[in-house]
Undergrad: 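A single structure is presented below for examination.
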Amino acid sequence: MNAYTKPDMPDVAATQVAQQNGTLDWVGMSKIALPLVVKDKQHGDYDAKAFVESYVNLVSPDVKGIHMSRLYLLLAEFSRSGVLTIESLGEFLKDKLASHDDISDSTCIQIEFDYFLDQPALKSEYSGWKDYPVSIKAVLKNGKVEIELSVKIPYSSTCPCSAALSRQIMQQAFLDDFENEESIDKSAIEKWLQSDRGSIATPHSQRSYANVVVKLDDTYTGGFPISELIKRVESTLKTAVQTAVKREDEQEFARLNGSNQMFCEDAARRVKNTLNQEVSFADFWVRIEHLESLHAHDAVAMCTKGVANGYLPLLHR
């Protein structure tokens, strides 16, 4: 049997000149489905079903296009043989840029996947899986690699204003019901509190999200602080949404919401203070969203670390 001979095929990207000369900031591919093993700093290797965006810039104004197949094949090979760490991501970017060293001097990659954590119930012995959308973005430019980690964390928020207004209605209901009583027996008060009149008004709560982006310091090595970042933010806000819930868990969740009433401004300041205490986060951008149950619109607050030449206070990232 004759050996396969690769036919001589035209390479339009290499032989044709650009229709119009000009450099391009990024050229590449998005929505590349890719299985990856991602190393989490706390929990070790995690099998991620990821979607990847991979790009290089185009600094040669007369070159028609980049070598997209090279980008894809490098990604495919990495997914089969490597574990994604801080170091391996940096090395991968260098290899990717080397594949285009004649036409590019910068490269970037964005990796998106859902990170699942088995979260224990608040009181009972049960637990359940909760997913967190995660994004890892890395840029190699001027010989320096910059890596940022993004996580979307759901939680519950109870409105302080609504709680105060509800208490006023309950106060008035109590005065109306016991208006003719000169003295009130303790058992009567307990019975009233446990009746429907004891919850004649309740504050509104809503599903909320903390969208957090952190730039990792150059000293970061090994795994990505995915679960660590999630834990820090959830511990700060104290009202993480739950998975497995029995009645004792739901009661504790109600107590936590009542004890941690917050506007979106309160939540943003809490998260900002927590992230400021982590020296290995060189910068951060936070967008807090309270998906209002009272209004048809959402309440939003944003903040950044505020470092020189750092993240801008953009509405979205």
Side-chain angles (χ1 to χ4, degrees), residues 115 117 119-123 130-135 148-171 199 201-215 225-243 245 249-307 310-317:
Y115 189 83
L117 278 174
Q119 299 286 38
L122 291 170
K123 287 288 187 179
K130 187 159 59 170
D131 68 300
Y132 302 84
V134 171
S135 173
E148 69 177 29
L149 170 66
S150 306
V151 181
K152 185 174 184 178
I153 302 170
Y155 65 99
S156 175
S157 60
T158 297
C159 176
C161 180
S162 180
L165 295 171
S166 297
R167 287 194 298 271
Q168 184 183 53
I169 292 176
M170 291 174 63
Q171 177 190 32
S199 57
T202 59
H204 71 81
S205 300
Q206 52 266 321
R207 177 81 58 83
S208 305
Y209 293 94
N211 302 275
V212 180
V213 180
V214 296
K215 181 179 288 186
I226 303 170
S227 56
E228 177 185 341
L229 179 57
I230 293 170
K231 183 178 180 181
R232 282 181 179 272
V233 174
E234 288 189 337
S235 297
T236 296
L237 296 173
K238 303 184 186 301
T239 51
V241 298
Q242 300 298 299
T243 54
V245 173
D249 303 311
E250 187 169 357
Q251 185 180 63
E252 177 64 7
F253 187 67
R255 187 192 70 79
L256 287 169
N257 271 266
S259 303
N260 292 280
Q261 299 165 23
M262 53 186 144
F263 295 125
C264 62
E265 298 94 327
D266 299 315
R269 290 184 179 115
R270 287 191 191 185
V271 175
K272 181 177 182 178
N273 181 62
T274 292
L275 296 179
N276 269 328
Q277 296 175 41
E278 179 50 71
V279 295
S280 60
F281 295 157
D283 201 357
F284 59 77
W285 175 93
V286 175
R287 178 184 170 99
I288 296 295
E289 299 174 324
H290 286 187
L291 311 188
E292 290 277 351
S293 59
L294 171 63
H295 304 287
H297 54 263
D298 302 332
V300 179
M302 284 164 289
C303 60
T304 61
K305 189 176 180 67
V307 298
Y311 288 144
L312 297 174
L314 302 175
L315 298 181
H316 299 276
R317 283 189 56 82

Undergrad: Give a yes or no on this: more than 12 heavy atoms of other residues, nucleotides or ligands lie within 6.0 Å of atom NZ of Lys123.
TA: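 Incorrect, the count does not exceed 12.
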Undergrad: Please say whether more than 12 non-hydrogen atoms of neighbouring residues, nucleotides or ligands are located less than 6.0 Å from CZ in Arg317.
TA: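 Yes, CZ of Arg317 has more than 12 neighbouring heavy atoms, counting only those of other groups under 6.0 Å.
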Undergrad: Any side-chain heavy atom of Leu275 within less than 4.5 Å of one from Leu229?
TA: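 A side-chain contact exists here, since the closest heavy-atom pair is under 4.5 Å.
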Undergrad: Answer yes if the side chains of Glu278 and Ser280 hold a donor-acceptor pair under 3.5 Å, and no otherwise.
TA: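 Present: a donor and an acceptor within the cut-off.
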Undergrad: Which residue in the set Glu292, Gln261, Met262, His204 passes side chain to side chain contact (heavy atoms under 4.5 Å, CB included) when paired with Ser157?
TA: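 Of the listed options, the one satisfying the test is Met262.
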Undergrad: Side chains of Leu237 and Asn260: does their closest heavy-atom pair fall under 4.5 Å?
TA: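 No, their side chains stay 4.5 Å or more apart.
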Undergrad: Show the numbers, then the answer: is there a side chain to side chain contact (heavy atoms under 4.5 Å, CB included) between Thr304 and Leu312?
TA: CA-CA 7 Å; Thr304 61; Leu312 297 174; over 6 Å; no
Undergrad: Indicate yes or no: does Lys231 engage Glu228 in a salt bridge with an N to O separation below 4.0 Å.
TA: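 No, no charged N to carboxylate O under 4.0 Å.
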Undergrad: Rounded to the nearest 0.5 Å, what separates atom CZ in Arg207 from atom OG in Ser293?
TA: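 Interatomic distance, Arg207 CZ to Ser293 OG, rounded to 0.5 Å: 12.0 Å.
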Undergrad: Atom NE2 of His316 and atom CE of Met302: how far apart are they, to the nearest 0.5 Å?
TA: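 Output value for this atom pair is 7.0 Å.
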Undergrad: When rounded to the nearest 0.5 angstrom, what is the spacing between OG in Ser135 and CG in Asn211?
TA: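 Answer for the OG-CG pair, Ser135 versus Asn211, is 11.5 Å.
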Undergrad: Looking only at non-hydrogen atoms, find the nearest pair between Cys159 and Pro203 and report the distance.
TA: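 Answer, listing the atom of Cys159 first, then Pro203: O-CB, 4.3 Å.
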Undergrad: Within the 4.5 Å heavy-atom criterion, are Gln119 and Glu234 side-chain neighbours or not?
TA: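 Side-chain contact under 4.5 Å: yes.
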Undergrad: Check whether Asp283 reaches the backbone of Lys215 with its side chain - one donor and one acceptor, N or O, closer than 3.5 Å.
TA: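 Judged by distance alone, no pair lies under 3.5 Å.
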Undergrad: Is there a donor-acceptor pair under 3.5 Å between the side chain of Gln242 and the backbone N or O of Ala240?
TA: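 Confirmed, Gln242 side chain pairs with Ala240 backbone.
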Undergrad: What distance do Ile288 atom CD1 and Asp298 atom CG have between them, rounded to the nearest 0.5 Å?
TA: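 Here the rounded value is 12.5 Å.
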Undergrad: May I have all residue pairs that pass ring-ring contact (aromatic ring centres under 6.0 Å, His included) and include part of residues 249-293, sequence neighbours excluded?
TA: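 Found Tyr155-His290.
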Undergrad: Compute whether any side-chain donor of one residue and acceptor of the other, for Asn257 and Ser156, lie under 3.5 angstrom apart.
TA: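 Note: Asn257 and Ser156 side chains meet the donor-acceptor criterion.
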Undergrad: For the CD1 atom of Ile153 and the NZ atom of Lys130, what is their distance to the nearest 0.5 Å?
TA: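 Separation between the atoms: 9.0 Å.
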Undergrad: Minimum heavy-atom separation for Thr202 to Ser162, with atom names?
TA: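 The pair with the smallest heavy-atom distance is O-OG, 4.3 Å.
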Undergrad: Below 4.5 Å, heavy atoms only, C-beta onward: do Thr274 and Val233 meet side chain to side chain?
TA: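 Sidechains of Val233 and Thr274: no contact.
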Undergrad: Side chain of Arg287, backbone of Leu315: donor and acceptor closer than 3.5 Å?
TA: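 Yes; judged by distance alone, with no hydrogens or angles, the pair exists.
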Undergrad: Side chains of Leu256 and Leu122: does their closest heavy-atom pair fall under 4.5 Å?
TA: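 The answer is yes; the side chains approach within 4.5 Å.
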Undergrad: Does CD in Glu265 sit with more than 12 non-hydrogen atoms of other residues, nucleotides or ligands closer than 6.0 Å?
TA: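 Buried by this count: over 12 neighbours within 6.0 Å.
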